[in-house]
Amino acid sequence: GSTASGGDRDQVADMEDAAAEPVALAKKVESKEGGADDPEPGVALKAWDPDTPYLKALKAAKKGKRYAVYLAQRDAWAGSPAFYLDCGHWFLEQKASALGLRVLSNLAELHREDAALLRVMAHRLAQAGELTLAAQVFEEVRRLRPEEPQSWRDLALVLERKADVDAAGGDKELALESYQRAMVLLAHVVETRWERFEEIELMALTEL
């Protein structure tokens, strides 16, 4: 067989570290947030900042050491949802998709009923071009918060983006399916009377 390049070996090293590391995130976050019986705190996330200490450490790490650096940083930031969002987003931007999705999926498991946090996560996935996964997360947000028109709009708009990509790639049947679903979602926003969301129907009608 052919010999792997240095970059490929580094990527394999990161993935082997990730596969070997046991998942114990729930216990860490539980201990930092006061225990599973305490009320779940609200999500307060700052805007994505590439100069946070943990991202600086990741940027300075060699490719084969990135996951180990992430784990070392996690010890100090395990109670911060923003840490997982930022690190997952960074790995995705570095084309280390498996690592990025692992980090974000762990966060989703820890906060599976937190619609606000899942919404931010879905936007991060969409920004990284992971549109199918973003749509799946937005679908979960819509299940949790059907009373908010934004839950329907977010899903519709990411499905539109996914359809554009599928159409450009020649899969017109799959694109048509996503376009149709997006239209149904937006039509629901247009046809529903929403308290506290004035004129959201007009915005959705324009998008439709």
Side-chain angles (χ1 to χ4, degrees), residues 7-8 10-15 17-19 21 23 25 43 45-71 73-74 77-78 80-112 114-142 144 150-171 174-175 177-179 181-182 185 207:
D8 290 337
D10 289 339
Q11 185 70 16
V12 169
D14 268 334
M15 287 306 303
D17 286 345
E21 200 275 326
V23 179
L25 296 180
V43 177
L45 296 174
K46 296 181 180 179
W48 188 77
D49 181 2
D51 292 325
T52 52
Y54 46 82
L55 289 181
K56 284 184 176 180
L58 282 174
K59 290 177 183 179
K62 294 181 179 180
K63 285 187 178 180
K65 301 295 183 181
R66 287 172 174 173
Y67 194 74
V69 170
Y70 159 75
L71 292 177
Q73 294 295 314
R74 193 183 71 184
W77 297 90
S80 169
F83 167 73
Y84 300 101
L85 286 168
D86 289 345
C87 291
H89 181 73
W90 186 84
F91 277 122
L92 290 174
E93 284 198 327
Q94 300 303 308
K95 308 303 180 184
S97 297
L99 292 175
L101 295 178
R102 176 187 173 91
V103 172
L104 291 176
S105 65
N106 285 333
L107 176 62
E109 284 297 312
L110 292 170
H111 298 273
R112 64 180 62 188
D114 192 326
L117 182 57
L118 291 176
R119 181 175 283 133
V120 176
M121 174 181 165
H123 280 296
R124 295 285 174 87
L125 287 168
Q127 289 170 7
E130 298 287 345
L131 300 178
T132 298
L133 289 173
Q136 292 173 0
V137 178
F138 277 133
E139 187 73 77
E140 181 65 11
V141 173
R142 187 183 68 88
L144 293 170
Q150 191 61 35
S151 300
W152 300 76
R153 289 182 61 242
D154 281 337
L155 179 56
L157 295 177
V158 82
L159 285 173
E160 178 192 8
R161 285 185 56 193
K162 180 180 180 298
D164 289 343
V165 172
D166 291 335
D171 196 337
L174 185 59
E177 182 180 321
S178 293
Y179 282 134
R181 180 80 197 291
L185 292 163
E207 292 163 342

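FYI, side chains are in, hydrogens and waters are out, and symmetry mates aren't considered; it's all heavy atoms of this structure.
Using a 4.5 Å heavy-atom threshold, the side chains of Met121 and His111 count as separate.
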>> Let's go through Asp154 and His123 carefully: what are the C-alpha distance in whole Å and the side-chain angles of both, what is the deciding distance for side chain to side chain contact (heavy atoms under 4.5 Å, CB included) to 0.1 Å, and is it a yes or a no?
In response: CA-CA 9 Å; Asp154 281 337; His123 280 296; 3.8 Å; yes
>> With side chain to side chain contact (heavy atoms under 4.5 Å, CB included) as the criterion, how do Leu185 and Arg142 come out once you've worked through the C-alpha distance, each side chain's angles and the decisive distance to 0.1 Å?
In response: CA-CA 10 Å; Leu185 292 163; Arg142 187 183 68 88; 4.0 Å; yes
>> side chain to side chain contact (heavy atoms under 4.5 Å, CB included) for Val69 and Tyr54? Distances and angles first, verdict last.
In response: CA-CA 9 Å; Val69 170; Tyr54 46 82; over 6 Å; no
>> Show, in sequence, the C-alpha distance, side-chain angles and deciding distance for Val137 and Leu104, and conclude whether the side chain to side chain contact (heavy atoms under 4.5 Å, CB included) test is met.
In response: CA-CA 11 Å; Val137 178; Leu104 291 176; over 6 Å; no
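Taking every heavy atom of both residues into account, Pro81 and Leu107 meet most closely at O-CD2, 3.9 Å. Of all non-hydrogen atoms in Ser151 and Arg119, the two that sit nearest each other are OG-NH2, 2.8 Å. Among all heavy-atom pairs drawn from Arg181 and Leu155, the shortest one is NH2-CD2, 3.9 Å. Across all non-hydrogen atoms, the minimal contact from Arg112 to Leu118 is O-CD1, 3.4 Å. The shortest heavy-atom contact between Tyr84 and Val103 is O-CG1, 3.4 Å. Between Tyr67 and Arg102 the shortest heavy-atom distance is OH-NE, 2.8 Å.
Contacts of Arg153 classified as salt bridge (charged side-chain N to carboxylate O under 4.0 Å, His left out), with partners at least two apart in sequence or in another chain: Glu207. With sequence neighbours excluded, the residues forming a side chain to side chain contact (heavy atoms under 4.5 Å, CB included) with Leu133 are Leu101, Leu125, Glu130, Gln136, listed by chain and number.
Separating the SG atom in Cys87 from the CD atom in Gln73 is a distance of 7.5 Å, to the nearest 0.5 Å. Interatomic distance, Leu58 CG to Trp90 CH2, rounded to the nearest 0.5 Å: 5.0 Å.
The main-chain N or O of Ala126 is found under 3.5 Å from a side-chain atom of Arg161 such that the two form a donor-acceptor pair.
Ring geometry for Phe83 versus Tyr70: interplanar angle under 30°, hence parallel rather than tilted (30 to 60°).
The pair Asp86-Arg124 meets the salt-bridge criterion, since a charged nitrogen lies less than 4.0 angstrom from a carboxylate oxygen.
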